[in-house]
Amino acid sequence: MTADVRIWSVEHRFGDFTALHTVDLQIAAGEFIVLLGPSGCGKTTLLSIVGGFLSPSEGRVLIGGEDMTLVAPKDRPTTTMFQDYALFPHMSLEANVGFGLRMRGVGRRERREKALEMLDMVGLADKAARRPHELSGGQRQRVALARALAVSPDVLLLDEPLGALDLKLRRQMQLELKEIQRRVGTTFIHVTHDQEEAMAVADRIVVMNHGRIEQCGTPEEVYLSPRTLFAAGFMGEMNRLPVTPEGSGLASPLGPLALAPQTGALCLRPEDIGLEGDFSLGRARLSEAAFFGSHHRCHFTPLAAPELRLIAHLPQGAHPEIGAEVELFARNPIILPEAAA
Amino acid sequence: MPTQLFAPLGAAAALLLSTTSLQAAGELNALIWCDHADPALLAPFEEAHDVRVNVKEYEGTAAGVTILEQSRPGDWDVLVVDAVDVGRVAAAGFLAPLPEGTVDTSSYFPDLVMEDHNSVDGVTYAVTEKFGYNTLAYNKAAVDPADMESLGALWSGKYDGKIAIYDYYLPVLGLVGLQAGIDTAGLDTAALETIKEPLMALKAASRQVSDVVASQTALATGEVDILIGGGEWLTAVLNAENADLDWTIPAEGGLLWAQSIGVVAGTEREELAQEFIRYITSPDGQARLATSSCYWGMPANAAAADVLSDDEKAILRWDDQADYLARAQLYPVPDAETDAAMQDLWTEMLQN
Amino acid sequence: MRPRLGSPLAWIYLAAMFTFILLPVITLVVFSFQDGRLPVPPFKGATLDWYAKVLSDRAMMEALGNSLLVAALSAFVSLLLGFLAASGLARVLLPGSVLMRGLLIAPMTVSYLIIALGLLQMFNQIGLRPSLLATGIGHVVINLPLCFAIIYAAIGAHQRNALRAARDLGAAEWQVLLYVAAPMLAPSLAAAYFLAFTFSWDEFIIAFLLTRFDVTLPVEIWSMLRSGLSPETNAVGSLVFLVSVLIVVTLELSIFRKARK
Amino acid sequence: MSLERQEKRHGAALVAPALLWAVAFFVLPFAAMVAMSTAKMVGREIVPGPDFGNYIRIFTEPPLTRAIFVSLEITAIVTILSVLLAWPLAWIIATRVPAKWQRLALLLAVLPFWTSYVVRSYSWALVLGEKGIVMNTLVGLHILSEPVQIMATRTATVIGFTHFFVMLLTLTIYSNLVQLSPNYARAAEDLGASRWQVIRLVILPLTLPGVVTGAFLTFVLCIGDYITPQILGGNNELTLPQLIMLQLGRRGDYPMASALSVVLMAMVTLAYAGCARWLKMDRV
């Protein structure tokens with residue numbers, strides 16, 4: 001029903017192109033892991049390697065302690081939920097969900113019971129006799145989930161499963177996914193490029209870029225203490241300022257800052273910039289502002305560096321006026337080395 | 001879906017089974033001309049001997065020989081072939097000797113026993129079974145019968161565009177030769193040069209070069225009025241439809257075609273094959289062969305007269321045969337080289 | 001585009017083309033009832049004699065059976081081979097797959113006469129007699145490209161993923177093909193089979209050169225044509241026509257209409 | 001073995017039977033035929049080559065060379081005529097005929113497909129004859145004073161062919177037309193194009209791939225056909241297939257028949273190369 005996954009020094013090349021550079025990852029049994037990154041970062045390649053659709057050029061994949069590197073998909077304790085769901089159009093929902101059991105030689109009655117149970121779990125028990133084309137997108141997605149879980153895999157692989165849904169439905173499905181995962185206890189490996197989705201479902205997020213793992217940690221860790229500039233930028237909005245040491249402080253385009261000397265990029269989340277804070281960023285003019293409900297999203301032009309733009313979230317109660325000059329403060333500074341590339 | 005696909009398959013398999021189970025005890029494979037394909041001819045033999053006669057038609061001795069070359073011994077039992085070509089085919093080893101007395105030719109038209117042609121070095125390989133003439137067939141209603149007394153009428157310009165040429169090179173080249181004063185026996189490569197010009201002129205004057213059906217259609221519908229190479233074999237079947245269709249042997253003469261039948265060497269059913277030949281040359285078989293659906297023709301065995309009706313004999317012009325035979329010449333018998341030259345000339349004529 | 005009942009020119013053209021297209025078949029059918037020896041005008045009155053003659057013609061009925069047999073079996077083999085090849089090529093990118101597709105499609109661009117002549121010579125050399133089997137092999141050669149192309153074109157990304165999903169859920173190769181691929185591609189398979197059947201049924205030159213005694217219907221009709229002008233030929237043609245049209249209309253009203261919904 | 005290798009092995013196993021079939025019954029026979037074409041007929045003997053005498057004869061002896069031109073001419077005329085006749089027909093059916101009658105109109109337009117191919121040519125012989133329907137009507141209506149010869153001419157062959165290929169092309173062009181979004185025409189009209197300009201500048205170019213594919217199929221089927229010219233052409237000129245059948249049926253000259261077939265094949269290949277950029281053969 002669940003198993004841990006160990007990815008050992010996995011590398012994958014397509015001809016001259018290296019899709020994955022020596023990736024190491026340990027996933028605990030029952031964990032909900034999200035592989036997050038932009039398209040082309042290697043997350044789908046990694047998922048395919050775990051699912052058995054690709055074999056790594058180097059390295060090994062262990063599931064439940066057993067080497068699965070060269071085992072075909074159908075013989076692995078994994079199932080995949082495909083992006084387009086890949087439901088069989090000529091079969092009823094019940095037959096779709098029962099397909100994996102049928103392939104395992106499970107008897108008709110038992111298959112039916114299990115299929116109905118799974119459909120019930122995703123709230124579609126009343127539609128068991130329908131065909132996939134009679135369903136809405138969200139319903140199809142649930143069927144695909146039920147079908148993949150019906151064979152009680154140790155690991156469920158989800159390839160951008162919510163990509164085709166609209167925002168509202170996506171948020172609802174994220175909740176459901178998390179809930180179901182908790183209920184069945186299966187290890188989930190979920191691929192997405194949507195950081196909100198990642199934060200909504202993941203126990204741990206694996207941020208990937210250019211075939212490498214940039215950071216791996218809980219959503220809080222990745223958001224609050226990004227370890228690379230890429231992880232910092234991909235996990236949400238971020239103001240970046242190049243800084244160099246100057247005396248006991250820092251030199252920046254905004255002028256000297258009262259922070260410990262270091263070279264790199266100073267990263268500040270918008271909610272960490274405001275009219276009060278731990279250190280001053282100097283004066284700036286408000287050039288644009290929009291009300292987002294929970295906050296005002298404001299663009300400030302620093303007087304010291306008019307070519308720059310700082311984004312800050314001001315509290316609901318603030319009444320920013322375009323053109324007003326204020327002194328900006330910040331807190332929670334993170335200084336990361338500039339990427340070599 | 002698969003069940004829907006399998007349904008026609010099942011039906012097909014059932015059909016295959018049913019056709020095989022219907023097959024008669026024995027088979028006889030005959031390489032023939034189309035007149036032997038008439039069920040009315042084959043049925044009595046098949047019933048009497050509980051066999052199935054499989055027939056394959058061919059045209060032209062060269063093509064027939066090619067088929068024999070590509071077959072294995074035992075593939076064929078009976079061969080129908082131009083009487084004049086029996087020697088060639090036998091020399092190539094494709095015919096088995098016919099034992100003395102297989103066929104009683106005593107009641108044959110004497111001219112049609114053709115022992116010279118049917119035997120090689122005193123060994124008989126085939127017997128004549130049917131004959132007729134390649135001359136002029138015409139439409140009495142549109143053509144002055146007096147004109148048809150001379151082949152020259154075709155080159156006179158009077159019937160330009162109303163002539164069809166029968167699409168078989170041997171008789172037509174023979175006829176053009178006769179018009180040029182060359183006997184069929186003298187038709188060699190040099191003679192072909194001589195007849196080339198009149199042949200091309202004939203093509204220019206004619207409307208089409210056509211096989212049996214197209215010729216019949218054209219004559220019957222009045223698209224053409226004269227068919228060179230035609231004869232009773234072509235007009236007889238149309239007699240009921242259009243009594244104006246007639247044929248004649250002009251002053252220059254006509255070509256006598258005669259077909260022989262023999263046993264193919266290597267057959268595993270020699271006795272049955274001989275039995276078939278006896279049937280074909282019997283009065284009953286001869287009468288049926290003479291009036292076969294593909295084309296009519298005179299039976300070689302005069303004893304068929306007792307079986308044929310008076311009407312049939314009238315259409316075949318039974319009583320005029322003595323005169324016709326006297327005036328007709330046998331087909332040319334070209335060697336391989338001349339045959340190739342003839343066919344080249346024929347192709348050139350078609351393409352002109 | 002919205003239908004506009006505009007200029008009468010279009011309708012005149014339509015009528016003229018339909019006349020051109022339908023004239024020969026109508027003539028064919030009308031003169032199959034000709035009470036006379038020649039199937040040309042004038043029409044001398046109606047009779048069913050020629051139909052009776054066709055139906056009692058042993059050779060013709062056997063040829064009909066042979067044609068059905070060859071068409072049904074050769075279309076099935078073409079379909080099977082084409083289906084397997086299409087699923088194989090759609091599944092993975094094989095080295096040289098462009099070449100393979102080219103080779104599979106190539107017979108479509110070659111005249112039947114050339115295929116027939118080549119097979120005739122090869123069969124002669126290896127000693128396979130001209131027969132229905134030889135003809136069937138030839139018909140598979142011409143129909144395989146057709147079946148392959150139709151089925152290959154029907155396998156899109158969606159189908160590919162469904163097949164992957166089936167394998168992921170533990171289906172063996174044959175199970176993927178039988179339970180998922182074949183039913184999913186059923187409309188294309190039916191269309192391919194139907195077309196292949198029709199092509200084989202109507203094919204002349206291969207059957208002409210590769211049969212000996214057990215000929216197919218087109219060859220039998222051809223030899224009937226060559227042995228004499230007769231309304232019987234019209235009757236055979238009309239029978240084939242009417243039966244085919246009946247089948248087509250039935251299919252149109254049942255399977256294909258359903259498939260489009 | 002890596003998973004990709006396993007996959008490829010499975011894929012290859014699926015493709016193998018069809019490939020084997022194509023090699024055994026298409027490539028090998030063709031190779032045998034090419035080999036045969038370089039043999040030589042001496043008397044009744046086939047002497048293996050290589051000997052290019054057959055090819056030299058084909059290109060030097062006028063009756064043989066002419067067949068190539070006859071075939072090409074007839075095929076070119078038929079292909080062009082069929083496209084010209086079929087395009088408007090397909091367009092009228094697709095745009096003028098109300099949607100619910102379109103299937104019926106299309107079915108009618110290809111109805112003669114369902115007669116036997118041999119019989120279809122034969123029925124034209126009945127129609128075109130001097131006593132056939134066409135002449136009867138034309139003379140009866142005093143359009144012609146007396147029947148004109150059509151049967152047993154190239155015209156008859158062309159009519160017979162065109163009849164068949166108009167049906168084929170109407171189908172391919174129609175399916176091409178109905179796949180076009182009506183918004184193309186709307187957009188063009190919206191931008192001020194006249195109805196004729198819409199057809200000429202928008203619809204016609206968009207149907208070009210379908211037209212070329214159909215025309216190529218027409219070319220292949222037409223240039224290789226024996227039946228139609230044999231039944232309708234009256235042997236007044238020989239096409240390449242007729243010449244090939246003559247070598248087979250009358251002479252048993254396999255080397256020459258093979259050489260002529262190789263020439264026929266070469267012509268089709270050239271035509272294919274000529275329109276390859278528009279052809280998507282595996283999507284027919």
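Only this structure's heavy atoms are used, side chains among them; waters, hydrogens and symmetry mates stay out. Proteins come first, then strands; the chains are lettered A, B, ... in the order of their sequence lines, and each starts at number 1.
Heavy atoms closer than 4.5 Å to chain C are found in the side chain of A/M91, but not in its backbone. With a 4.5 Å cut-off on non-hydrogen atoms, A/R76 does not touch chain C at all.
Residue A/F82 holds its CZ atom at 13.5 Å from CZ of C/R160, rounded to the nearest 0.5 Å. Rounding to the nearest 0.5 Å places CE of C/M184 at 11.5 Å from CG of A/L87.
Across every non-hydrogen atom of C/V180 and A/H90, the tightest pair is O-CE1, 3.5 Å. Of all non-hydrogen atoms in C/G170 and A/K74, the two that sit nearest each other are CA-CB, 3.5 Å.
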**Study point:** Chi angles and distances behind the side-chain contact (heavy atoms from CB on, under 4.5 Å) call for A/F53, C/D168
**Key:** CA-CA 9 Å; A/F53 296 107; C/D168 186 50; 3.8 Å; yes
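Between A/Y85 and C/N161, every side-chain heavy-atom pair lies at or beyond the 4.5 Å cut-off. The side-chain heavy atoms of C/L169 and A/R147, taken from C-beta on, include a pair separated by under 4.5 Å.
In A/E110, the CD atom is not crowded: 12 or fewer heavy atoms of neighbouring residues, nucleotides or ligands sit closer than 6.0 Å. The environment of CD in A/E134 is crowded: more than 12 heavy-atom neighbours from other residues, nucleotides or ligands sit within 6.0 Å. Counting non-hydrogen atoms of other residues, nucleotides and ligands closer than 6.0 Å to NE2 of A/H210 gives a total of 12 or fewer.
A/R102 forms a cation-pi arrangement with C/Y179, by the criterion of a distance under 6.0 Å to the ring centre and an angle within 45° of the ring axis.
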